[in-house]
Amino acid sequence: MIALMFPGQGAQEVGMGLALAEAYPTARAAFDEANEALGYDLAAICFTGPAEALVPTDVCQPAILATSVAAWRVATEHGLRADMVMGHSLGEYSALVAAGAIDYGQALRLVAERGAAMHAAGQERPGTMAALLGQSDGDVEALCEEAGEVWPANYNCPGQVVASGSIDGIERLLSITAERGIKAARLQVGGAFHSPLMAPAAERLEPALAAWDPAEPTPSFLSTTTVAIEPAERLREVLLAQLLAPVRFGHAVEHALQMGVTRFVEFGPGRVLSGLVRRVRREAETVQIGSPDDITALAEAA
């Protein structure tokens, strides 16, 4: 079985998608559609930057989605088929485009609104995030509870959990970890994502999600929010809950492996998700699709 994986915010980099768009009309068309859907030249920001133009969440999120969808479309054109799709946070929207559950243009507009809502929530209820390394899930949960106003936000893989919370709460958490010799690092983010502090974002995004009529995902959609195969009638609820709930990516990879997935294909910029998969199971096969060379290798392997 093959699972397709789509990255979330943080994977962005200037130049992403450019080589694909120059090599394949299908990829160029994906960026043209994004420009039209959003009403500005997203492609130029992805291709040439500057880097600070990719920072705002309402630009960064559709930029990653567009780059991911462009790579997926080209790979599909070259014969790639899949049994399952999954994504990390924002990547769940890309995954649902690949599964035919949401129209690409609607997904772009939704994630632009999602990014704006998350930014506004970060201004209204300031917070930040920190990565903890070498600790079990249970240990991190206990540390978060001890610090107060801090919650586990990303269960990325064994020994790598990201916590999210108020600025004071994360300061207390970092103080505790420093005292105990636990590896931890503050992340450069604009809010306490995937925590209760994102409640204003969920409230703002709810009407936009309510206006979406999901189609049944084909192939099936494995949510990294619920770690379950989710049907069309649940998708609005899942994506709304996603803003407040932790991303359980590592747990979802374990579930996919149990279901029989043997190959994970990552789309878009970077190889972060492939690295996390191998942290879950070292021998798992991972493939990255983000450049013309990747497409050539895919075609040769088919």
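Numbering starts at 1 and runs along the sequence shown.
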Look at the side chain of Glu266 and the backbone N and O of Leu273, then say whether any donor-acceptor pair between them is shorter than 3.5 Å.
yes

Taking atom CD as the centre, does Glu285 end up with more than 12 heavy-atom neighbours from other residues, nucleotides or ligands that are less than 6.0 angstrom away? yes

CG of Leu110 to CG of Leu239, rounded to nearest 0.5 Å, is 8.0 Å

Query - Check: Thr296/Asp293 side-chain N/O donor and acceptor closer than 3.5 Å - result: no

Quick one: does any side-chain atom of Glu216 pair with a main-chain N or O of Ala232 as donor and acceptor, under 3.5 Å? yes

Of all heavy-atom pairs linking Thr224 and Gly87, the shortest is OG1-O, 2.7 Å

Contacts satisfying salt bridge (Lys or Arg N to Asp or Glu O under 4.0 Å) that involve residues 222-232 (not counting sequence neighbours) are Glu230-Arg234

Can a cation-pi geometry be assigned to Arg281 and Phe264, taking NZ or CZ under 6.0 Å from the six-membered ring centre and within 45° of the ring axis? no

- Task: Kindly indicate whether the side chain of Leu108, heavy atoms from C-beta on, has any atom under 4.5 Å from the side chain of Leu65.
- Result: yes

Q | Close side-chain approach of Leu96 to Trp212, heavy-atom, < 4.5 Å | A | yes

Do the side chains of Glu171 and Arg186 get close enough for a salt bridge, i.e. N-O under 4.0 angstrom?
yes

Nearest heavy-atom approach of Leu90 to Gln242 is N-NE2, 4.5 Å

Arg204 meets the salt bridge (Lys or Arg N to Asp or Glu O under 4.0 Å) criterion, sequence neighbours left out, with Glu113

Please say yes or no: joined through hydrophobic side-chain contacts below 4.5 Å, possibly via intermediate residues, are Val238 and Met118 part of one cluster?
no

**same_hphob_cluster(Val111, Tyr104) at 4.5 Å side-chain heavy-atom cutoff** = yes

Worksheet item: Any link between Leu244 and Val150 through a network of hydrophobic side chains (Ile, Leu, Val, Met, Phe, Trp, Tyr) touching at under 4.5 Å?
Response: no

Smallest heavy-atom separation, Pro214 atom then Arg236 atom, equals CD-NH1, 2.8 Å

ask   = If we ignore angles and hydrogens, is there a donor and acceptor under 3.5 Å between the side chains of Thr286 and Arg278?
value = yes

Worksheet item: Just by distance, do the side chain of His194 and the backbone of Ala245 share a donor-acceptor pair under 3.5 Å?
Response: yes

- Query: Do Val272 and Ile64 sit in the same hydrophobic cluster, where Ile, Leu, Val, Met, Phe, Trp and Tyr count as joined when their side-chain heavy atoms come under 4.5 Å apart?
  - Reply: no

dist Asp103:CG -> Glu33:CD (nearest 0.5 Å) comes out at 8.5 Å

Value for CZ (Phe221) from CG (Leu4), rounded to nearest 0.5 Å, stands at 12.5 Å

When rounded to the nearest 0.5 Å, the distance separating CG of Asp168 from OG of Ser175 is 12.0 Å

For Ala3 and Met86 the tightest heavy-atom approach is CB-SD, 4.5 Å

Given the options Ile289, Thr26, Asp294, Val74 meets side chain to side chain contact (heavy atoms under 4.5 Å, CB included) only with Thr26

Residue pair Leu235 / Pro217, side-chain heavy-atom distance below 4.5 Å:
yes

The reported gap from CZ in Phe6 to OG1 in Thr67 (rounded to nearest 0.5 angstrom) is 12.0 Å

Correct closest heavy-atom pair for Leu132 and Ala184 would be CG-CB, 4.2 Å

Taking the side chain as C-beta and beyond, is there a heavy-atom pair between Val253 and Leu276 under 4.5 Å?
no

> Do you see a donor-acceptor pair shorter than 3.5 Å between the side chains of Ser274 and Gln288?
Replying inline: no

Worksheet item: Under 4.5 Å between any side-chain heavy atoms of Ser94 and Phe267, yes or no?
Response: no

The reported gap from CG in Leu197 to CZ in Arg125 (rounded to nearest 0.5 angstrom) is 5.0 Å

Checklist entry - Do His255 side-chain atoms and His251 backbone N/O form a donor-acceptor pair below 3.5 Å? => result no

Assess whether atom CD of Glu145 is packed by more than 12 heavy atoms of other residues, nucleotides or ligands within 6.0 Å. no

Can I get a per-line list of side-chain donor-acceptor pairs under 3.5 Å for residues 151-158, giving both atom names and the distance, sequence neighbours left out?
| from | atom 1 | to | atom 2 | distance (Å) |
| --- | --- | --- | --- | --- |
| Tyr155 | OH | Glu141 | OE2 | 2.6 |
| Asn156 | OD1 | His88 | NE2 | 2.9 |
| Asn156 | ND2 | Gln160 | OE1 | 3.0 |

Taking Phe249 as the starting point, is it possible to reach Leu187 by hopping between hydrophobic residues whose side chains are less than 4.5 Å apart?
no

Worksheet item: Is there a donor-acceptor contact under 3.5 Å from the side chain of Asp83 to the main chain of Ile2?
Response: yes

*asked:* Determine whether a donor-acceptor pair (N or O, by modelled atom type, separation under 3.5 Å) exists between the side chain of Tyr93 and the backbone of Ile102.
replied: no

Heavy-atom check, side chain of Gln135 versus side chain of Thr177, under 4.5 Å: no

**Request:** For the pair Arg114 and Glu92, find out whether any cationic side-chain nitrogen is under 4.0 Å from an anionic carboxylate oxygen.
**Result:** no

Tightest non-hydrogen contact, residues Asp41 and Asn35, listed as OD1-ND2, 3.2 Å

If we only count heavy atoms from C-beta on, is the Met129 to Ser164 side-chain gap below 4.5 Å?
-> yes

